[in-house]
Amino acid sequence: MSSPHLQTYNERARKHTNKAASALLRVMEEKQSNLSVSVDVTKSKDFFDIIEAVGPHVCLIKTHIDILEDFDATVIDRLRELSEKHKFLIFEDRKFADIGSTVALQYSKGIYKIADWAHITNAHAVPGPSIITGLASVGIPKERGLILLAEMSSKGALTTGSYTEDAVRMARARRDFVIGFIAQHRMEGIGASDTDNIAEEDFLVLAPGVGLDATGDTMGQQYRTPEQVVFESGCDVIIVGRGIYGKGENVDTREVLKQAQRYQAAGWEAYKKRVQCI
Ligand code: 5BU
């Protein structure tokens with residue numbers, strides 16, 4: 001059997017046992033999009049203008065819900081409506097990083113109640129396996145999926161070598177809930193022992209740090225192209241923020257739409273090239 005990154009999203013959707021992962025893979029194939037737009041703006045008007053424009057072109061909307069200055073519960077209602085209208089999943093990029101009992105509260109309670117609306121969220125591996133236990137206690141009953149941070153995109157990130165390997169081992173031990181990684185390369189088989197059944201694992205790799213026009217920003221972000229990320233490195237989803245909406249203030253929705261279509265086409269082209277390369 002070929003490794004997951006050489007299989008179609010459709011084949012993988014059919015086999016995946018986690019509901020959030022299989023829904024995401026299905027949407028990717030249906031919409032011919034491996035594009036996730038990261039909507040990092042501080043006003044809900046800009047937030048929804050961007051989502052309305054890119055919605056038909058994305059498989060996943062990534063949020064940092066805590067940066068919205070005018071957040072209230074209606075934001076979640078509208079986000080969910082748009083998720084159904086345009087058929088995309090929601091990924092709250094919360095980057096949990098505490099002990100199990102604390103992250104369970106952060107995930108389910110407070111103002112945001114992330115587990116109620118985010119199909120996918122993510123966590124640092126640094127606290128060890130107990131962070132997954134804590135998040136799974138909330139997320140599994142709601143059929144959510146968790147992404148672990150295995151490699152970050154920023155310059156000088158400490159997520160390398162044995163740290164990345166250990167993150168993958170942690171994920172492998174909880175394949176019911178951990179559906180993949182934030183990483184810059186495909187991760188299957190990394191850190192595996194002879195007794196691990198790696199033929200059965202299918203981790204989605206979501207890659208931030210994607211840009212067609214810039215190689216970085218002034219604060220350490222590093223960009224690679226969809227071709228490098230999806231075709232050369234075998235990642236599954238490209239995450240694009242400022243490449244699509246610039247500063248994200250008073251957004252020009254026609255330009256946002258144009259850029260979303262451009263990234264969607266580039267990501268899909270790179271994927272087709274990859275799966276035809278068997
Ligand atoms: P950009 O505007 O495309 O640079 O935004 C990238 C987004 O992805 C932003 O929300 C970051 O918080 C997020 N991100 C990242 O850039 N690099 C990482 O390693 C991780 C998340 Br994890």
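Quick caveat, the model's predicted, so the values are computed rather than measured. Atoms within each ligand, like the ligands themselves, are counted from 1 in listed order. Starting from 1, each residue takes its place in the sequence as its number.
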Handout entry: Single-linkage hydrophobic cluster, 4.5 Å side-chain cutoff, Tyr9 and Phe231 together
Key = no
Exercise for the section: Salt-bridge test for Asp236 and Arg12: reply yes if a basic N is under 4.0 Å from a carboxylate O, no otherwise. Expected result: yes
Fill in the blank from the handout: Nearest non-hydrogen protein atom to atom 3 (O) of ligand 1, with distance, is Gly241 N, 2.9 Å
Exercise for the section: For the pair Lys258 and Glu255, find out whether any cationic side-chain nitrogen is under 4.0 Å from an anionic carboxylate oxygen. Expected result: yes
Exercise for the section: Just jot down the ligand 1 atoms closer than 4.0 angstrom to any heavy atom of Ile182, in number order. Expected result: 22 (Br)
Problem - Atoms of ligand 1 close to Leu149 [distance to a heavy atom under 4.0 angstrom, numbered from 1] - result: 22 (Br)
Fill in the blank from the handout: Here the atoms of ligand 1 under 4.0 Å from any heavy atom belonging to Arg242 are 1 (P), 2 (O), 3 (O), 4 (O)
Exercise for the section: Take Glu151 and Thr164 through the side-chain hydrogen bond (donor to acceptor under 3.5 Å, both in side chains) test and state the conclusion after the steps. Expected result: CA-CA 6 Å; Glu151 288 177 328; Thr164 301; 4.9 Å; no
Problem - Proximal atoms of ligand 1 relative to Asp40 (non-hydrogen, under 4.0 Å) - result: 5 (O), 7 (C), 9 (C), 10 (O)
Exercise for the section: Measure up the Trp268 and Tyr271 rings against each other and bin them: parallel (under 30°), tilted (30 to 60°), perpendicular (over 60°). Expected result: tilted
Exercise for the section: Give the residue, atom name and distance (to 0.1 Å) of the protein heavy atom nearest atom 14 (N) of ligand 1. Expected result: Pro208 CB, 3.7 Å
Problem - Under-4.0 Å salt bridge between Lys273 and Glu227 - result: yes
Handout entry: Protein contact of atom 12 (O) of ligand 1 - nearest heavy atom, named by residue and atom, plus distance
Key = His64 NE2, 2.9 Å
Problem - Ser38-ligand 1 polar pair, N/O distance under 3.5 Å - result: yes
Handout entry: Check ion pair Glu200-Arg175 (N to O, under 4.0 angstrom)
Key = yes
Practice task
Measure from NZ or CZ of Arg94 to the centre of the six-membered ring of Tyr107 and say whether it is under 6.0 Å with the direction within 45° of the ring axis.
Solution key: no
Practice task
Say whether Lys62, considering both its backbone and side-chain N or O atoms, lies within less than 3.5 Å of an N or O atom on ligand 1.
Solution key: yes
Handout entry: For Gln221, atoms of ligand 1 separated by under 4.0 Å from a heavy atom
Key = 4 (O), 6 (C), 15 (C), 16 (O)
Handout entry: Nearest option to atom 17 (N) of ligand 1, as decided by whichever heavy atom of Ala150, Ser153, Gly243 sits closest
Key = Ser153
Problem - Ion pair Asp40/Lys247, N-O distance below 4.0 Å - result: no
Completion exercise
Atoms of ligand 1 under 4.0 Å from any heavy atom of Asp93, numbered from 1 in the order shown, are 12 (O), 13 (C), 21 (C)
Fill in the blank from the handout: ligand 1 atoms nearer than 4.0 angstrom to some heavy atom of Tyr223 are 1 (P), 2 (O), 3 (O), 4 (O)
Exercise for the section: Enumerate the atoms of ligand 1 whose separation from the nearest heavy atom of Lys95 is less than 4.0 angstrom. Expected result: 12 (O), 20 (C), 21 (C), 22 (Br)
